[in-house]
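Take a look at the structure set out below.
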Amino acid sequence: LDDAAVRLERSKDSFRDKVKSMLEAFLREIATMQEEFVRASPTNNEGTSSRAALAFIAKWKAAVAAARQKVRLQCAVGKHACICKPISPMPHTTCPTYCKQCAQCCWMLLQAAEIKSGMDIFNIPRPPYKELLLIERELELLDKMWSLVAEWEATYNGWKDGLFRD
């Protein structure tokens, strides 16, 4: 009986460590995401068109939304922006990780479910995701700035050939 208790305690410690390492890996993924965003974000108009900047912003908004969804760890099957990494070449529609959008069993759903269950079991508090918040704020400012630039370009193109008087 003592041997079983020792093995159970080792297994609990192993699972706790696995959950913590998965959470730390996700935190590193977000930090890397922020570094990449800062490096690539269009902060001036030198070599960047408003169309390219707005496309960059849309791409990053989708990436941040997917990361936010993973943070919430509440991926509803068939309702998420699909960033799935398929784990099953033969999807099973009854599988709890089946994604209706990509018709695959979703690695993201499995990982999110495992982290959430581990955090719940071991009462691990959810960490603040400061980098994600910073990216969201910066995206909002970039969106306002480049939308204004695009509006100005459209208005200017309409007016530049007009006459002041007939």
Side-chain angles (χ1 to χ4, degrees), residues 1-43 48 52-147:
L1 191 60
D2 289 336
D3 186 44
V6 169
R7 284 196 315 239
L8 178 63
E9 196 59 38
R10 271 193 241 142
S11 294
K12 284 171 52 178
D13 289 341
S14 173
F15 185 58
R16 183 183 303 117
D17 291 342
K18 181 180 176 184
V19 168
K20 285 182 179 180
S21 70
M22 288 173 72
L23 191 57
E24 288 170 3
F26 181 62
L27 289 171
R28 283 191 303 274
E29 185 180 318
I30 290 178
T32 302
M33 183 179 174
Q34 188 215 11
E35 291 170 6
E36 183 181 334
F37 173 78
V38 168
R39 182 185 49 74
S41 60
T43 54
T48 305
L54 290 171
F56 173 89
I57 291 166
K59 178 185 117 183
W60 274 91
K61 280 185 176 183
V64 168
R68 265 285 167 216
Q69 202 158 26
K70 197 170 177 182
V71 165
R72 289 186 197 106
L73 303 173
Q74 298 168 348
C75 302
V77 173
K79 294 183 181 176
H80 63 282
C82 188
I83 59 162
C84 297
K85 296 179 182 174
I87 60 168
S88 172
M90 301 276 300
H92 307 284
T93 56
T94 58
C95 175
T97 63
Y98 178 75
C99 171
K100 292 178 185 171
Q101 285 185 329
C102 71
Q104 293 288 333
C105 293
C106 180
W107 172 85
M108 184 181 88
L109 293 174
L110 276 178
Q111 185 183 32
E114 189 170 359
I115 292 173
K116 182 180 183 341
S117 67
M119 289 173 70
D120 291 346
I121 290 170
F122 296 112
N123 294 322
I124 299 172
R126 290 187 184 178
Y129 298 96
K130 297 174 190 169
E131 292 90 354
L132 208 49
L133 187 61
L134 290 172
I135 293 172
E136 288 172 328
R137 287 181 183 161
E138 188 71 22
L139 270 174
E140 187 63 34
L141 292 173
L142 284 172
D143 190 26
K144 287 179 183 178
M145 178 181 78
W146 284 104
S147 294

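The aromatic rings of W60 and F37 sit perpendicular, their planes meeting at an angle over 60°, well past the 30° parallel limit.
For the atom pair CZ (F56) and CG (L139), the distance works out to 7.0 Å, reported to the nearest 0.5 Å. To the nearest 0.5 angstrom, E36 atom CD is 8.5 Å from T32 atom OG1. To the nearest 0.5 Å, the span separating CZ on R16 from OG on S21 amounts to 13.0 Å. Rounded to the nearest 0.5 Å, atoms CD (E138) and CD (E140) are 11.0 Å apart. Between the CG atom in D143 and the CD atom in E136 there is a gap of 13.0 Å [rounded to 0.5 Å]. In this structure, NZ in K12 is found 13.0 Å from CG in D17, a value given to the nearest 0.5 Å.
A salt bridge between R10 and D13 is absent, with no side-chain N of the basic residue lying under 4.0 Å from a carboxylate O of the acidic one.
In this structure, the side chain of S147 does not engage the main chain of K144 through any donor-acceptor pair within 3.5 Å.
Of all the heavy atoms in L142 and S41, the pair that sits closest is CD1-CB, 3.9 Å. The shortest heavy-atom contact between A53 and T48 is CB-CG2, 3.9 Å. Considering all non-hydrogen atoms of both residues, P42 and W146 come closest at O-NE1, 2.8 Å.
You'll find the side chain of F122 reaches within 4.5 Å of the side chain of F15, heavy atoms only. Looking at V19 and I121, their side chains never come closer than 4.5 Å, going by heavy atoms from C-beta outward.
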Evaluate I135 against V38 for side-chain contact (heavy atoms from CB on, under 4.5 Å), listing each step before the verdict. CA-CA 8 Å; I135 293 172; V38 168; over 6 Å; no

Chi angles and distances behind the side-chain contact (heavy atoms from CB on, under 4.5 Å) call for M33, V64: CA-CA 9 Å; M33 183 179 174; V64 168; 3.8 Å; yes

